[in-house]
Amino acid sequence: MREITTSGASPTSQIQKFYGWKNVGFLFGVYLLSLGAVYYGFNVIFPEMVKTQGWSRGDASWAQTLRGLLMGFTAPLIAIALNRFGAQRTMAAGLSLLIVGCLLLATVTRELWQWTLIWGVIMATGFAFGGLLPVQTTITHWFDNKRATALGLVMSAAGVGGFVAQPFYTWIIDYFGSWQSSWYFSAGFAFIGSLLLLGLVNKPEDIGQHPDGEDRSNPSTVAQRQPPKTYKTQDDWSLPDAIRTRALWFIIILFLAQVMPLWLMIVHGVLHLTDLAFSKMEAASVLSFMVAGSAFARFPVGWLGDRIEPRRIVFVLALCSIFGLTIIWQAPTVAWLLIAGPMFGVAYGGVVVMLPTMIANYYGRASFATINGFIFPVQIVFAALLPVVAGYLADIQGHYDSSFIFVIILVGLSALCALGATPPRKKSEAGTVNQPDAD
């Protein structure tokens, strides 16, 4: 795929207008289509596949567990690909696999082993190389002062796409009378997303620009810069040094408390609510409002994350998550569910922006992909087991009580970890001024 570059160009031929916000626009579209429309469509397609094919919930959930494990263990490879080839080529490879996977799901998937292989391996690899880590890394390269704002704007795309996808796929399945039809539409969404990658630029240095559009080699520009309102390290940490910090391990627990409840809702949310006698459309609407809450929260929480320490925001969001999960678990009425769904979505959507912001703020933008390449496998080993365990427990117990109790306790623990995840300090930062909240 052709990359936009002006290497070796004269100053007059270089792009003068800051390209970072155009990158935000392209990534918004890609993320909306690849994650929002394809991944969140799983919420309503999976229950139809389970019921139509007569699969066990536990057996069918192995595909999601395998997907999570593979995404986690490929993270170091993604970090290498990002550092060597850039986000544009890495994401192009991922979205190509998504297209192939969706077409296979629509045409050849009849047996449980086929579903497990395609969703758990092919689609997982596509999501990994075409999704979260490349998107976050690109934004981290382009923005420093407005990093959380830009991340929140781009990552809100998944929520927007997911909000539309829930009822859309429910209608598609009812209209065409088969779940296979929805995967054809998913393939089309992934293809459109791949076309948007043509406009992506990996790093500001590729076109002679600087993060936030500021020329920091110019002394007058540096003198006019406002000090950051939140802590941002002036070093790029090595992975061994980062591993030795308390904050990194607290962040891993925060990742677990973000991912595990989400996966419980994505894989089993519709099944949990339909077990409690809610209709398919009511269950899909709750998840749709959950995703809408996530979409709504990401940009404003990102904006706040450039002004208030992200760990403090995460603490408040964890309390919101506990409330939302408790109501969804008990499911008293549709009205309460339509309140709890968005509340959990707001909590998840805000945390999904704050955690990468914390990593970049604490450990430096050049180290972002490498450190995430370590975090993803560590947290995914535990998180990926939840969908299949919850499925088997539901098969045995006839309900999801144990699973909800577990994730609620985990989120409570994460609230304490958020308070304790203070910025790590290097000796080289001792005495540095204008570094807020460096406690």
Side-chain angles (χ1 to χ4, degrees), residues 40 42-69 111-113 115-116 119-120 166 170 179 253 255-291 318 321-341 343-345 347-348 379-414:
Y40 283 117
F42 171 90
N43 296 15
V44 293
I45 303 172
F46 174 73
E48 286 298 315
M49 296 176 72
V50 169
K51 293 177 180 179
T52 303
Q53 303 302 118
W55 296 335
S56 159
R57 297 182 186 186
D59 291 342
S61 297
W62 273 108
Q64 179 74 351
T65 295
L66 181 60
R67 184 204 71 89
L69 289 171
E111 302 295 331
L112 188 59
W113 71 267
W115 157 248
T116 303
W119 182 261
Q166 313 287 330
T170 300
W179 51 262
I253 295 175
F255 266 107
L256 286 170
Q258 165 213 341
V259 171
M260 296 181 85
L262 178 69
W263 284 7
L264 178 63
M265 290 301 302
I266 288 175
V267 180
H268 297 287
V270 170
L271 293 169
H272 164 65
L273 294 176
T274 52
D275 284 349
L276 298 177
F278 294 96
S279 71
K280 289 190 300 182
M281 186 56 76
E282 287 173 334
S285 297
V286 172
L287 267 68
S288 180
F289 274 77
M290 179 191 81
V291 177
S321 180
I322 292 171
F323 177 84
L325 286 168
T326 302
I327 298 300
I328 294 171
W329 166 34
Q330 295 298 312
T333 64
V334 172
W336 272 106
L337 288 171
L338 293 178
I339 295 172
M343 179 164 287
F344 171 71
Y348 165 75
Q379 55 104 4
I380 217 70
V381 168
F382 300 98
L385 295 175
L386 181 63
V388 68
V389 171
Y392 282 127
L393 286 174
D395 287 336
I396 296 170
Q397 299 175 345
H399 53 72
Y400 290 94
D401 290 358
S402 300
S403 300
F404 273 98
I405 291 171
F406 171 76
V407 295
I408 289 168
I409 292 174
L410 177 63
V411 176
L413 174 64
S414 76

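Checked by atom type and distance alone, the side chain of Thr274 pairs as donor or acceptor with a backbone atom of Leu271 at under 3.5 Å. Judged by distance alone, with hydrogens and angles left aside, the side-chain atoms of Ser288 form no donor-acceptor pair with the main-chain N or O of Ala284 at under 3.5 Å. Looking at His272, its side chain does come within 3.5 Å of a backbone N or O of Ile328 through a donor-acceptor pair. Counting only distance, with no hydrogens or angles, the side chain of Trp115 and the backbone of Ala60 share a donor-acceptor pair below 3.5 Å.
Taken to the nearest 0.5 Å, the OG1 atom of Thr65 stands 6.0 Å off from the CH2 atom of Trp62. Rounding to the nearest 0.5 angstrom, the gap separating the CG atom in Leu337 from the CZ atom in Phe344 is 13.5 Å.
Side-chain contact between Val286 and Phe278 is absent, with no heavy atoms from C-beta onward closer than 4.5 Å. Side-chain contact check for Tyr392 versus Val388: some heavy-atom pair is nearer than 4.5 Å. Two residues are said to be in side-chain contact when any heavy atoms from C-beta on lie closer than 4.5 Å; Thr170 and Met281 meet this criterion. Counting heavy atoms from C-beta on, the side chains of Met260 and Trp263 never come closer than 4.5 Å. A 4.5 Å side-chain heavy-atom check between Phe289 and Ile339 finds every atom pair outside the cut-off. A 4.5 Å side-chain heavy-atom check between Asp401 and Trp329 finds at least one atom pair inside the cut-off. When side chains are defined from C-beta on, His399 does not count as touching Asp275, because their heavy atoms never get closer than 4.5 Å. Contact annotation: the side chain of Leu287 approaches that of Val270 to within less than 4.5 Å [non-hydrogen atoms, C-beta and beyond].
When all heavy atoms of Leu256 and Pro261 are compared, the closest pair comes out as O-CD, 3.9 Å. Gln64 approaches Pro387 most closely through the heavy-atom pair CG-CG, 3.9 Å. Listed here is the closest heavy atom pair of Ile327 and Pro332: O-CD, 3.7 Å.
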Which donor-acceptor pairs under 3.5 Å do side chains of residues 403-414 form with protein atoms, sequence neighbours excluded?
unit_1 : atom_1 : unit_2 : atom_2 : d
Ser414 : OG     : Val411 : O      : 2.6

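Checked against a 6.0 Å centroid threshold, the rings of Phe46 and Trp119 do not count as neighbours.
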